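Contents: one structure, followed by commentary.
This structure is a prediction, so every number in the text was calculated from the model and none was measured. Residue numbering restarts at 1 for every chain, and letters A, B, ... go by the order of the sequence lines.
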There are 2 protein chains.
Amino acid sequence: MNTDALRGHMDALLLSVLEHEPLHGYAIIEALQERSGGALTVPTGTVYPALRRLERVGHLDSEWATVGGRKRRTYRLTPAGRAALAGERSAWRAFTTAIGSVLEPHRTS
Amino acid sequence: MNTDALRGHMDALLLSVLEHEPLHGYAIIEALQERSGGALTVPTGTVYPALRRLERVGHLDSEWATVGGRKRRTYRLTPAGRAALAGERSAWRAFTTAIGSVLEPHRTS
DNA sequence: AGTCTACATGTAGTCTCTCTATATGTAGGC
DNA sequence: GCCTACATATAGAGAGACTACATGTAGACT
């Protein structure tokens, strides 16, 4: 289902999934899976490092919690992260428009 | 205009631009630029190696020609390349659908 | 008691592709 | 003579996604 075409879009996905509620890594993976209708199965070795990277650059911050004896690191968007998400969204639209116009021959008008 | 988000989509772009006519590297770069409305400026250091890679895996083959004293290597789709293009197209649709459904919150219906 | 699955996080190392920078050469206009 | 457009090519850097591994708790089932 996924090649390494995700490259450069992981940030957008992670920020987007955290837009309305803070989540921990495992829940983020499930949310991505669910929201994409099962198409996105992102491995833990991709998600956890990416979350840390986003925290390092100030788009997320995190907090530890213990729920039912299990430790969770819950991530939430920072204001900078929210701004970055907006940028990612418009970049995504520009990206799909550009590639799409090359890939899909249609519409000369 | 372009980050390295192209990663994994170059093949699709190159195959697509060669679908209806064989072209040489330089012309391919111009075609990409034109078809995308100027959004895609792909450097030569990306295109030439990618073309050779696609030739190596059998999706393209090439032929030298001299036009006006200048040497050109003209690439054309092989049958395998044509099949690969079809695959790339459906992969692209699946990809945009998946990412889009995560990124754009709308439409619950 | 032992095993298995779901929950939960993390890192080291690999892989592969895109980009930057550089090199080389022709043709034509100024 | 110089500059721009045309035309191809490669070496090296850089970055991020993946595989595989390591670790541990909770609960269900046998």
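Remark: Arg70(A) is not in phosphate contact with dT25(D), judged by side-chain N or O atoms under 4.0 Å from OP1 or OP2. For the pair Thr46(A) and dC18(D), the criterion of a side-chain N or O lying under 4.0 Å from OP1 or OP2 is met. Note on Arg52(B): a side-chain N or O is less than 4.0 Å away from OP1 or OP2 of dT10(D). Between Tyr26(A) and dC7(C) there is a side-chain N or O to OP1 or OP2 distance below 4.0 Å. Using a 4.0 Å cut-off, no side-chain N or O of Arg7(A) falls inside it from OP1 or OP2 of dC18(D).
The CZ atom of Arg56(A) sits 11.5 Å away from the CG atom of Leu51(A) when rounded to the nearest 0.5 Å.
For Tyr48(A), the listed nucleotide lying nearest its side chain is dG10(C); candidates were dA7(D), dC19(C), dG10(C). Side-chain atoms of Thr44(B) lie closest to dT8(D) of the nucleotides dT19(D), dT8(D), dG10(C). In the set dT8(D), dG10(C), dT11(C), the nucleotide with an atom closest to the side chain of Trp64(A) is dG10(C). Considering only the side chain of Arg72(A), dA8(C) comes nearest among dT11(C), dA8(C), dT8(D). Distances were taken from every side-chain heavy atom of His24(A) (C-beta onward) to each of dT11(C), dA8(C), dT18(C); the shortest belongs to dA8(C). Distances were taken from every side-chain heavy atom of Glu30(B) (C-beta onward) to each of dA8(C), dT8(D), dC6(D); the shortest belongs to dC6(D).
Residue Gly69(A) is classed as a sugar-phosphate contact, given heavy-atom separations below 4.0 Å to backbone atoms only. Across all strands shown, Gly45(B) has heavy atoms under 4.0 Å from base atoms, whether or not it also approaches the sugar-phosphate.
Rounding to whole angstrom units, CD of residue Gln33(A) and C1' of dA6(C) are separated by 14 Å. Atom C1' of nucleotide dA6(C) and atom NZ of Lys71(A) are separated by 20 Å, given to the nearest angstrom. Between the CG atom of Leu51(A) and the C1' atom of dT11(C) there is a distance of 15 Å, rounded to whole Å. In this structure, CZ of Arg73(A) is placed 9 Å from C1' of dG10(C), rounded to the nearest angstrom. Note: CG (Leu32(B)) to P (dT18(C)) measures 12 Å, nearest angstrom.
Between Glu19(A) and Arg89(A), at least one side-chain N (NZ, or NE/NH1/NH2) sits under 4.0 Å from a carboxylate O, which counts as a salt bridge. In this structure, Glu63(A) does not pair ionically with Arg72(A), as no charged nitrogen and carboxylate oxygen lie closer than 4.0 Å. The pair Glu21(A)-Arg76(A) does not meet the salt-bridge criterion, since no charged nitrogen lies less than 4.0 angstrom from a carboxylate oxygen.
Using bins of under 30°, 30° to 60° and over 60° for the plane-to-plane angle, the ring pair Trp92(A)/Phe95(A) lands in the tilted bin.
Both Asp11(A) and Gly68(A) lie close to DNA chain D; mapped to their nearest nucleotides by heavy-atom distance, the more 5′-ward contact belongs to Asp11(A).
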